[in-house]
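What you see is a predicted model; the values in this text were computed from it and never measured. Nothing fancy with the numbering, it's 1 onward along the sequence.
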Amino acid sequence: MWTPPGQNQSWVSEFILLGFSGDPTFNRILFISFLLLYLSSVLGNGLIIALICLDIQLHTPMYFFLCILSLLDMGCVTTTMPQMLVHLLARSQTISFASCWLQMYVFGALGLTECIFFVVMAYDRYVAICHPLHYTVILSWGLCIRLAAGTWACGFFFSLIHTFLTMRLPYCGPNVVNHYFCEGPSVRSLACMDTHLIEMVDLVISVFMVVAPLSLILASYIRIGQTIIKIKSTQGRCKAFSTCASHVTVVTLFYAPATYIYMRPNSSYSPEQDKQISLFYNVFTAFLNPVVYSLRNKDIKGAFLKVMGWGRVPW
C-alpha cells in the first residue's frame, strides 16, 4: 500500500545514476568517445535537416519525413547524452526526482514517436513504389502534416501514461539506478511495492507501440516486394529496392534492441546488458542514421554540394 510522503515513510528526492564505470581514467576515455559520438550525431542529423530545408528539390514527402526522423534522433540523444557526459567527469552522479521524471518522459515520448513514425515512412515507400503515378495525390502535404502530428501526439500521450505510472510508485529505499539515464525499467526496479500491474500496462503499451508498427511495416514491405517482383527490368527492380534499403536498415537498427529491452520477460533483466543495448539504439542509431541515408542518397549528396557551391553531384 502506498503511503504519501510525510506519513511515516521516507521519500526519495533524488536518484544516483551508476553509469558505466567507477574508474576516473576509464571515465575520461568514455567521455571523449561519447562526446565525439554525440557531436557527430547532432551535426549529422542537423546537416540533413538543414539540407532538406535549404534545397527546394528536397521539399517532397519522403524528405519531409526524413527531416522529422533526424529531428527525433537529435532529440533522443540530446535528452540523455549531455547529462551522461557531465556525470562521467563529475564526482556527483545525482539527478533530482523531477529531472528524472522529465528525462524519462521526454525520452519515452521521442522514442515512441519514432516507433510509429517508421510506419509512416514505410507507407511513404509503399505509395511511391506501388502507386507511383498517384504519389503526390495520395501523399498530399495536408496528409503528411496530419500523419506527422498524429505520431507525435501518440508518442507523447503514451509516454505520459508510462512515466506517470512509473514515477508515482513509492521510492522509499534504494535510490541507485544501474543505468546512465532514467529509463523506466531500471527506475521501476527500485520501487517499494509490487510493480506487476504497472509492468502489465507497460507490456500492453509496448505491444501497441512496437508489435503493431512492426506488423504494419512488414505488411507494407510484403506489398512492396510483390510489386518489385512484377517490374520487368533489372534496373527498375534495383532502383525500387534501393529506395527502401535505407529505411529497412534504420528500422532494423532501431527495433531490434528496443524490442529486446521492452518486450523481454522480467526474469531475463540484466542491468549491464540493458545499458549497452540501450546505448546502441539511443546513441549509435542516431549516429548511423545520417550515414545510412547520406551515403546511399544521391539527392542528399547533390544538395550538400549545391549548398557548398560545388554544383550538382555528377553521378
Side-chain angles (χ1 to χ4, degrees), residues 1-24 26-28 30-31 34-35 38 75-112 156 158-199 201-203 205-206 257-258 261-262 264 266 268-283:
M1 186 70 179
W2 175 65
T3 304
Q7 296 186 14
N8 300 323
Q9 187 175 18
S10 61
W11 184 258
V12 171
S13 60
E14 62 182 20
F15 292 100
I16 299 173
L17 298 174
L18 202 56
F20 293 96
S21 171
D23 182 6
F26 186 59
N27 280 344
R28 283 193 287 270
L30 288 178
F31 174 83
F34 289 145
L35 177 62
Y38 174 65
C76 280
V77 76
T78 300
T79 303
T80 59
M81 288 294 287
Q83 183 182 59
M84 184 187 74
L85 291 170
V86 171
H87 283 178
L88 284 171
L89 296 183
R91 292 185 177 180
S92 174
Q93 295 177 307
T94 60
I95 180 173
S96 68
F97 189 89
S99 297
C100 187
W101 199 105
L102 181 62
Q103 186 182 59
M104 186 185 300
Y105 173 62
V106 174
F107 179 81
L110 296 175
L112 291 174
F156 277 78
F158 283 104
S159 180
L160 181 62
I161 296 175
H162 161 76
T163 307
F164 176 75
L165 292 177
T166 300
M167 300 307 284
R168 75 182 295 273
L169 291 169
Y171 295 96
C172 51
N175 68 335
V176 179
V177 180
N178 193 1
H179 215 294
Y180 66 91
F181 75 102
C182 286
E183 191 173 40
S186 300
V187 175
R188 189 172 57 215
S189 65
L190 303 178
C192 304
M193 65 173 283
D194 180 35
T195 60
H196 178 71
L197 179 61
I198 296 177
E199 289 168 3
V201 173
D202 273 0
L203 180 61
I205 293 176
S206 297
I261 288 182
Y262 292 103
R264 72 191 184 326
N266 293 325
S268 62
Y269 175 70
S270 171
E272 295 302 323
Q273 192 175 46
D274 275 17
K275 281 190 287 188
Q276 297 168 6
I277 294 175
S278 66
L279 187 70
F280 181 85
Y281 81 80
N282 177 19
V283 181

Ring centroid separation F164 to H162 under 6.0 Å:
no
How far apart are the closest heavy atoms of V77 and P82, and which atoms are they?
O-CD, 3.8 Å
Measure the spacing between CD of Q93 and CD1 of I16 and express it to the nearest 0.5 Å.
8.0 Å
Nearest 0.5 Å please: distance from the CZ atom of F20 over to the CG atom of L88.
8.0 Å
Would C100 and M167 satisfy side-chain contact (heavy atoms from CB on, under 4.5 Å), going step by step from the backbone distance to the final call?
CA-CA 9 Å; C100 187; M167 300 307 284; 4.1 Å; yes
If you apply the rule side chain to side chain donor-acceptor pair (under 3.5 Å), what do you find for T80 with N282, and how did you get there?
CA-CA 9 Å; T80 59; N282 177 19; 2.6 Å; yes
Establish, yes or no, whether a centroid distance under 6.0 Å links the rings of Y171 and F15.
yes
Kindly say whether I198 contributes a backbone atom to a donor-acceptor pair with the side chain of T195 at under 3.5 angstrom?
no
Quick one: are E183 and V177 in side-chain contact, heavy atoms under 4.5 Å?
no
Distance (rounded to the nearest 0.5 Å) between L165 CG and I205 CD1:
7.0 Å
How long is the span from the CZ atom in F158 to the OG atom in S206, to the nearest 0.5 Å?
11.0 Å
Shortest non-hydrogen contact between W101 and T163, atoms and distance:
O-CG2, 3.6 Å
For the pair F34 and L279, evaluate side-chain contact (heavy atoms from CB on, under 4.5 Å) and give the outcome as yes or no after the intermediate values.
CA-CA 10 Å; F34 289 145; L279 187 70; 3.6 Å; yes
Which atom of G184 lies closest to which atom of T166, heavy atoms considered:
O-CG2, 4.1 Å
Write down the atom of S92, the atom of H87, and the distance for their closest heavy-atom approach.
O-CD2, 3.8 Å
Once rounded to the nearest 0.5 Å, what's the spacing between atom OH of Y105 and atom OG1 of T79?
12.0 Å
Identify the two heavy atoms, one from R28 and one from L89, that lie closest to each other, and give their separation to 0.1 Å.
CG-CD2, 4.0 Å
Roughly how far apart are C182 SG and M104 CE, rounded to 0.5 Å?
5.5 Å
F31 and F26: aromatic ring centres closer than 6.0 Å?
no
Distance-minimising heavy-atom pair for N175 and E14:
ND2-O, 3.1 Å
With side-chain contact (heavy atoms from CB on, under 4.5 Å) as the criterion, how do F181 and M84 come out once you've worked through the C-alpha distance, each side chain's angles and the decisive distance to 0.1 Å?
CA-CA 7 Å; F181 75 102; M84 184 187 74; over 6 Å; no
